[in-house]
Amino acid sequence: MLASSTSDLLPGYAPQQDGYDEAVGPSGETRPAWKMLSRAVALMTPADIADRQRQADRLVEAEGASYLFHDEGADASRPWRLDPLPLVLGGHEWAQIERGVSQRVRILDRMIADIYGEQRLLLDRVLPSAAVFGAPGYQLAAHGMMPPQSRWLAVYAADLLRLANGEWRVLRDLTDAPSGAGYALVNRNVSAQMLPDVVRDMAPLSLAPFFADMRLALDASAPPDRPSPRTVVLSPGLGDPSYFEHSYLAAHLGYHLVETGDLVVRHGRVWLRALSGLEPIDVLLRRVDSNSVDPLESATGMMGVPGLARAARGCGVGLANALGSGVTASMAVLPFVADAAVAFGEELMLPALTTRWCGDPENQSMVLAALSKFVLHDTAGLGVEGVRQAPTVFGSQLDSAARRQWIDLITTQPHRVVAQDKATFATAPVMTPAGVRPGTVVLRVLAVVGRQGISVMPGGLARVMDPSIPIVNQTSGQTKDVWVLDDRPDRPLPMSTRVVRSMPQVDLRESLPTRAAEAMYWVGRNAERSEALARAASSALSIVQGDPTLLTAFDGGWRRPVVAGLYALADVASPLVDGKSPSTVTPDDEFRAAIRTALIDGSGLPGTLRGLSRAASSARQFVSAMTWRVLGELGAERTQLGAEVADAYDSGVRRRLDTVLVNLSSLAGLFNESTVRGPAWRFLEIGRRVDRALCVLSVFDNVVSPASPGTRSSLFDHVLASNESLVAYRRRYRSDAVLDALVDLLIRDDTNPRALAFQLDQLRNQIALLPSRDGTQVLTQKIEQASASLVEVSWLTSEADQLGANGRREVIDRFVRAARTPLLEFAAQLNLVYFNDPTRLRQKVGGR
Amino acid sequence: MALLSRVAEQLYWGARYIERAEDTVRVVRAYTDVLVDLPTSVTTSWEPLLAITGTRALHDAHHDRVDEASVIHFLVADDANPNCIVHAVAAARENLRSAREVLPRDAWQVVNDMYLYVAAHRSDGVSRRSRSRFAERVIADSQRLDGILSGQMSRDHAYEFLRLGQAMERADMTTRVLGVRAAALVESGADVYAEVQWMGVLRSLSALQMYQRATNSPINGMSVIDFLLHDRAFPRSVMSCLQAIRDGLARLPRGDQLAPVIAEVFATAAQVSGDAVDGAELDAETDLLQSALAGLNNAIISTYVGVLD
Amino acid sequence: MRYSVRHRTFYRYGERMSSGQSLGHLVPRNTPHQTLITSSVHVDPEPEETAEWADAFGNTVTSFTLTSPHETLEVIADSEIDVVVPVVPDVDDPWESIMGRMAGGLNQDDLDAQQFLLPSPFIPYLFELHAIAKGAFVSDRPFLEAFRALCAAIYEDYSFDPSFSDVSTPLGDVLVHRRGVCQDFAHLMTGALRSIGLPARYVSGYIETDPPPGQKKLVGSDASHAWCSVYVPEVGWIDADPTNNQIPPHRHVTVGWGRDYGDVAPLRGVVLGPSASQNMTVEVDVRRREIA
Amino acid sequence: MTVTDLRVNAGAYDELLLPDGSAREHAQVLVNTLRRLGVDELQARQDHADLDILTMGITFTVYSDGRGIDRAWPFDVIPRVIDATEWRHIEAGLTQRLRALNMFIDDIYNEQRVIVDGVFPIELLEGSVNFRPECRGVRPKYGVWAHISGSDIVRDFDGTVYVLEDNLRVPSGVSYMIENRLISKRAFADVFEQHSVQPVDGYTDELFKLLTSLSPAGGSSASVVVLTPGIYNSAYFEHGFLAQRMGVPLVEGRDLFVDDDNVVYMRTIDGPTRVDVIYRRVDDMFIDPEAFRADSTLGVAGLMRSWRAGKVAIANAPGAGVADDKVVYAWVPDFIRYYLHEEPILANVPTYRCMYPAECQYVIEHMAELVVKPANESGGAGLLIGNRATAAEILERTEAILADPRNWVAQPILSLSTAPTLCDGAILPRHLDLRPFILTGATSYVTAGGLTRVALREGSLVVNSSQGGGSKDTWVIETQPGAASPTTAGE
């Protein structure tokens with residue numbers, strides 16, 4: 001294809017001649033809306049561009065969002081990149097889109113109501129029954145249902161494409177549980193930080209009012225009798241591709257993020273399993289697709305909340321969107337929206353791409369005749385909303401076998417297949433390493449529906465597409481922020497400004513889903529364990545590097561305790577057989593192996609760090625944005641440790657450990673700071689304290705107890721260094737490490753944040769503040785038992801320092817036993833009393 | 001180990017200056033964000049930033065214009081402003097430097113880091129494009145320090161003085177923000193962009209997320225004010241700062257001597273009404289609180305430091 | 001004729017379940033040929049909540065919730081039903097023409113029937129089904145004749161073998177091994193009819209099994225039974241029991257129908273508790289009542 | 001890199017290399033590593049080390065126009081290596097030397113037998129700037145005055161080790177010795193395992209033991225403080241470092257006061273608390289405005305009073321400096337023979353004392369072959385190296401000597417030994433010296449190695465960090481396997 005005369009403002013930017021470009025007109029002149037941005041871009045050197053992209057990546061990472069919704073499991077996802085260049089749309093053009101989208105929402109809502117109600121459209125054959133009944137989102141359970149305010153759609157999204165003639169077309173309606181709002185929000189936050197001056201000058205419309213509207217829309221989805229409805233975001237959980245968005249959105253809207261297991265249905269209402277018992281829920285922002293809503297009313301699935309479908313039908317809870325709304329998300333229904341509009345006496349302002357449903361014999365034969373002219377979709381394969389990998393292909397790219405299969409499918413089950421004409425779509429400037437280049441862009445527009453009407457997000461989520469792959473299949477990759485210019489006086493105000501707000505009436509402070517509580521607990525434990533591992537290993541390394549002879553000295557009397565200690569911290573069974581390696585292993589290898597276990601293997605630091613970020617992301621609403629940045633950096637270090645560091649003595653190791661420790665400190669700071677001292681924080685604290693207590697004990701068990709007179713001072717130094725208490729120790733006892741002093745500092749001293757006594761005090765305080773449940777008092781007892789063990793070491797005579805026959809200090813061993821047992825029981829009890837999550841144990845039973 | 005009076009004072013001020021730097025950065029960043037969220041049509045002024053940091057007079061003495069460029073430069077890097085971020089960090093370092101031997105080693109490293117960074121990147125703090133990067137770094141370092149202190153430092157007297165300084169500064173900053181931004185907003189009444197503005201207020205105290213968690217509902221002026229004043233669970237609210245100060249003093253020798261003073265501050269704080277509908281009134285009340293805090297500050301110094309010859 | 005049916009389901013979970021929720025199709029619905037006289041569902045332990053409603057097909061659905069710990073669950077459904085054996089209308093137009101009757105406007109019955117044209121979770125589209133159907137529905141064959149032929153063919157070619165299949169056995173396996181139980185044969189015939197464009201639905205119910213003297217014992221006793229039904233525009237639904245090669249099925253009591261087993265499973269539930277090997281026993285007892 | 005890249009200056013003695021550029025035995029492993037790593041990798045590690053130094057805030061302060069300017073501590077990643085066997089010899093020499101020097105100081109402030117017996121000329125004492133009459137008759141514990149000392153050691157072209165001077169007042173650098181080790185451990189993590197390097201950071205524990213042992217109160221619970229002139233002192237970093245490592249308060253003069261009971265107190269938040277031992281890093285003249293310079297703001301009024309009254313111990317004792325006078329230096333071998341009846345283990349550099357006309361004559365005539373230095377002036381200032389000096393400088397210096405002969409001494413120009421040093425992107429031989437630190441109390445302790453200072457400018461002999469000198473980590477390495485004893489290491 002010929003390139004047109006290049007852009008007047010963007011040197012080297014040459015969109016295809018026969019296409020439409022957002023920024024540049026046919027003769028290369030910059031379109032008005034783009035002038036300001038293009039000028040800004042024109043000033044950038046390639047270096048600037050690279051720098052902006054780096055900054056964008058960093059900021060996206062900082063938001064904790066490395067991945068856009070994608071196909072497979074969380075780990076196999078493609079990275080999310082934000083193109084520093086936004087997609088700019090003029091206010092007037094936007095107004096048309098706005099009107100078109102609003103109209104579609106109205107019509108789709110009526111269609112859904114009809115499908116599950118009177119079925120006029122079906123009886124009159126406006127909608128072919130096979131298209132509807134065959135739609136993956138079609139829900140028998142929704143039949144005869146009347147959602148609150150008889151409104152089915154609260155949230156709607158559409159993917160739009162612009163044709164070569166400049167007109168917008170709908171690629172797909174998303175009416176079940178549309179995603180994108182959260183991503184749009186992230187993109188805006190990032191681009192606002194990245195191009196602040198441009199943002200200020202161009203003043204794209206703010207997204208904030210839209211989210212206010214979203215809250216209203218959700219409130220409006222509540223059953224009529226709920227004056228101040230309580231909403232939660234219902235997500236399938238960590239495994240879900242757009243889990244990030246769920247948690248991000250929840251955090252932004254100030255709602256709890258819950259999974260189906262956190263909810264129960266009783267007496268026709270929905271309740272949240274919370275720390276303080278069951279709490280009533282009025283609205284679910286539903287991000288699980290309608291097939292996974294209720295296992296009782298789904299023939300196969302285990303997923304969902306038993307009884308939820310009936311609760312919804314009985315208006316015991318509002319679902320946004322209502323059960324079954326997904327029916328119109330099927331591409332088989334897409335072509336008939338226009339007909340429905342006509343039936344309702346309207347003309348579609350924003351039509352769909354030409355889409356042929358093969359359920360219609362004419363289309364069927366036309367498509368079979370010229371397979372290669374079309375893009376083929378198997379709607380059944382698309383899933384409710386097609387976020388999963390869609391069996392969509394270019395007819396032209398089929399090999400004979402695939403061709404055969406499609407022909408079979410179209411002949412035997414025509415209702416499943418739709419075909420769209422291949423077309424060239426509009427392009428927009430995209431930053432590439434090679435400079436600014438044109439790229440095909442699909443625009444996801446979002447709208448919410450409240451009592452006051454429909455509000456369309458002034459902006460949205462644009463995705464840069466690879467024209468050589470069917471667009472429906474492209475679910476991740478590069479995105480763009482979307483800027484709508486405020487160049488229109490008559491712009492309607494967001495509905496949130498048209499209503500009086502109700503004062504906050506539900507106080508969620510003390511409310512905490514048990515799942516979140518558990519997550520916070522594990523955030524604490526993993527953070528603490530990571531630090532312990534890092535410090536112990538780094539201390540061991542530096543001591544050995546200072547005096548390698550220690551490895552062999554005293555016939556391993558120094559080495560063995562240290563090695564055992566490292567394995568214990570990593571919770572890995574020590575390979576040492578009664579303290580000795582098989583003779584084939586050299587002391588050096590034995591030591592290296594231990595270091596590797598603690599620092600490099602999944603069992604060690606990388607494992608605990610991974611656990612840390614996983615736990616954190618399932619309690620995101622309690623984790624501040626800054627914290628995500630730090631977690632991000634820790635993630636990076638984790639991969640480095642796992643991958644790069646080949647050898648324990650690699651000089652990179654110590655450097656990495658420093659970074660890890662520094663970031664863990666920031667983490668501690670961030671958690672202390674600007675975190676409400678509510679139950680969530682309390683469980684975090686409990687987790688930290690429990691783990692630190694266990695770590696200290698493990699060190700005493702493995703390192704202190706067997707320290708012989710010869711190795712004692714270097715071993716004790718190691719213990720102190722591992723607990724970051726060397727300085728404190730030196731400041732207080734000017735002596736070389738002495739047992740009693742060591743115990744005093746690390747066990748008895750309730751002012752030293754590293755000491756056991758300190759941890760026990762904290763635990764005691766935190767438990768006292770937890771909502772009491774049966775078994776809570778047991779927790780307190782366990783702490784008291786653990787504290788009681790301190791008398792064992794209340795004052796240590798020099799006899800206590802003597803090694804017993806087994807080469808260990810009996811006093812220490814007795815003490816460790818006495819303290820550790822109740823602590824472990826404490827952890828178990830905590831799990832029993834507060835985290836006991838029945839959903840793990842649920843099972844489905846059938847009967848003939 | 002006995003804590004030197006001089007060192008106690010240096011810790012106290014060191015902590016205050018670090019906190020001041022962080023708070024200023026937060027306020028600046030949040031304010032910039034708000035402006036980004038507001039359409040050009042809405043006219044915006046940079047004066048509030050000066051008012052919040054209480055440097056209006058000083059600024060006008062050196063600059064004839066009050067626009068973004070001059071205000072931000074003044075707050076971040078202007079040598080004429082002893083409270084500007086660059087100077088605050090330097091002052092913190094200078095104080096902690098001679099109190100170094102009572103700090104965990106990492107703590108000093110962070111302060112030193114922070115100083116080196118801020119000194120080298122003062123211009124980044126001013127330029128709009130790099131401002132957020134600069135802010136992030138300052139906040140991150142300050143958080144890191146906080147983490148190290150709570151994780152590694154014995155709960156000894158030195159620790160108490162650091163926390164005392166931090167709490168005093170926070171109480172001070174929160175009060176200022178309430179007195180200036182909040183008061184102004186209450187005055188102007190609920191306009192279209194009130195929500196955006198209030199968000200700004202919360203963000204500048206890194207309270208947005210926590211506020212939303214606490215009150216699952218749209219942002220509402222009155223409840224924001226109440227949250228920032230009285231919420232005992234939110235570490236930056238005036239009340240929890242005062243609480244922290246009271247507890248801290250209780251753990252210090254002769255802390256009881258200060259009981260009356262702190263009691264008075266509590267009383268004053270209690271008088272500030274969360275449901276003030278009249279901006280001017282709110283402003284006035286926070287002024288009282290300000291001076292009460294100043295009184296407490298002096299009382300602390302004279303009790304533990306006295307006059308050094 | 002009046003039948004009284006007792007359908008008892010008993011679960012032994014082997015562990016204490018903290019709570020459980022169940023949903024079942026246990027109460028026979030009314031049809032043109034049967035009338036429900038009385039019914040009762042007894043659950044032990046006593047559930048905290050019970051509810052009853054009609055599903056999308058008009059079947060009666062019973063649901064109950066247990067929120068207290070329990071190790072066993074017993075559900076006994078008793079019902080009395082008057083049943084008349086339907087007269088099979090003689091539809092002798094060539095079967096291809098039948099669907100043509102809907103060419104004009106759809107009425108509600110026609111539309112409802114459309115839901116039973118498409119594949120469903122338990123009855124995917126399989127080419128073999130098409131073949132089986134074509135074996136009976138040769139061109140221009142009178143509909144009813146073809147219909148009976150299909151029913152007979154399945155009865156002949158497939159052996160009844162409870163040991164072979166269970167609820168989860170895919171239809172494909174049944175086709176390959178040519179064995180299964182009533183449920184499988186019902187699915188099979190339903191699928192075959194759909195594959196040639198005839199709306200067909202899955203019917204779940206009971207069958208009287210104690211034989212009058214001189215007649216051989218009918219298969220399908222001691223369990224709920226299933227068969228299939230086809231839609232003929234303007235005429236309505238005609239049942240067929242491929243397991244017993246009966247058209248019309250007599251001594252059958254209809255509980256409900258749906259696209260397949262999944263829509264009308266007698267009992268389905270979710271229990272919360274430690275996983276353990278649970279076992280379930282089902283007893284169905286159908287008795288004829290003499291009406292004075 | 002190739003062998004030729006490790007150069008040795010003709011005629012000079014290199015610590016790591018033999019004249020042919022091959023490695024000395026005890027330096028084998030290190031030299032091999034240097035060759036393996038190559039200049040670029042070394043530079044990389046150097047850069048990282050510099051970064052560490054910056055972030056760890058390891059600085060020294062240059063005091064100029066009323067403001068202290070922090071300079072990052074100059075450090076060269078390539079360590080200097082000493083054979084443990086040789087080191088044991090030096091260790092013995094230093095211990096011996098310090099015992100003698102302390103006996104001399106104690107003698108001078110009391111019986112003055114050394115003068116009576118004509119070993120040491122009285123007029124020297126009368127002219128000594130560092131003699132403090134105020135100290136007469138004081139008898140510090142163990143008779144020790146110079147508790148903490150640092151002697152500068154150099155090696156001549158033929159390999160002979162000389163003691164260049166003794167610093168008995170407030171020798172500094174020990175903290176850098178310890179920090180250097182920390183940094184080189186990071187920079188050379190991989191090399192370290194192959195060597196058995198004697199650890200150095202036991203020093204602070206030893207120092208603390210020594211200080212507590214000085215407490216007049218006796219017992220182990222002495223309250224010790226480190227007295228610093230304040231943050232603008234060039235060694236402030238070290239003062240803080242030592243206080244922190246020992247876990248004692250770092251105080252300034254204004255933190256202390258002496259009450260009417262002659263006891264020293266420090267101001268703390270719980271009121272005045274008693275001080276038993278002061279490790280002072282303030283010069284004699286400034287420690288007590290009452291006794292010495294009245295204009296001093298660094299000192300504590302009444303400190304001498306308290307010390308004389310035996311209420312407080314001061315290390316190093318006031319007046320200890322009398323023995324590190326560069327003139328007195330010339331007598332040290334005599335002291336060793338006189339007090340200990342032993343032969344000096346370490347050699348003294350031949351020293352010409354301008355106070356004696358004959359020697360003064362020699363100095364003036366042979367100035368071109370001599371290093372002429374003021375008798376007491378710390379640092380390299382006023383140092384004149386004959387073979388580098390201009391005629392004008394020589395003339396000027398001659399006049400200075402004639403003006404005040406007893407204030408000048410001269411020594412033959414030693415060609416200091418060299419070691420490979422990383423100078424922006426190249427490895428070149430540079431001159432260096434060594435300052436070990438000696439603790440003397442009831443017993444003695446010598447650091448394993450010490451602070452190696454290196455002149456970074458080509459040919460320069462000036463190693464002071466304040467004048468552009470750098471530093472190296474110093475490894476005392478056991479070459480006979482098994483001889484090393486495992487000891488505490490690591491922080």
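Labels below follow one simple rule: chain letters A, B, ... track the order of the sequence lines, proteins then strands, and each chain is numbered from 1.
- Judged by the 6.0 Å distance and 45° axis criteria, A/Arg266 is not positioned over the aromatic ring of A/Trp271.
- Heavy atoms of C/Gln21 lying under 4.5 Å from chain A belong to its backbone as well as its side chain.
- In this structure, the ring of C/Tyr206 has its center no less than 6.0 angstrom from the ring center of C/His225.
- Residue A/Val132 does not touch chain C at all, counting heavy-atom pairs closer than 4.5 Å.
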A/His143 and A/Tyr138: CA distance, side-chain angles, deciding distance, side chain to side chain donor-acceptor pair (under 3.5 Å) verdict: CA-CA 10 Å; A/His143 265 288; A/Tyr138 171 67; 2.6 Å; yes
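- Interface summary for chain A: among C/His130, C/Glu48, C/Gln115, C/Gln108, the most heavy-atom pairs under 4.5 angstrom belong to C/Gln115.
- In this structure, A/Trp152 and A/Tyr116 have parallel ring planes: the angle between them is below the 30° cut-off, well short of the 60° mark.
- Per-residue heavy-atom pair counts under 4.5 Å with chain A were compared for C/Asp55, C/Asp110, C/Thr67, and the maximum is reached by C/Thr67.
- Contacts between C/Ser204 and chain A at a heavy-atom distance below 4.5 Å are absent for every atom of the residue.
- In this structure, C/Tyr261 and C/Phe122 have perpendicular ring planes: the angle between them is above 60°, well past the 30° mark.
- At a 4.5 Å heavy-atom cutoff, C/Phe127 makes no contact with chain A through either its backbone or its side chain.
- Residue A/Gln364 holds its CD atom at 11.0 Å from CD of A/Glu362, rounded to the nearest 0.5 Å.
- Both the backbone and the side chain of C/Leu111 come within less than 4.5 Å of a heavy atom of chain A.
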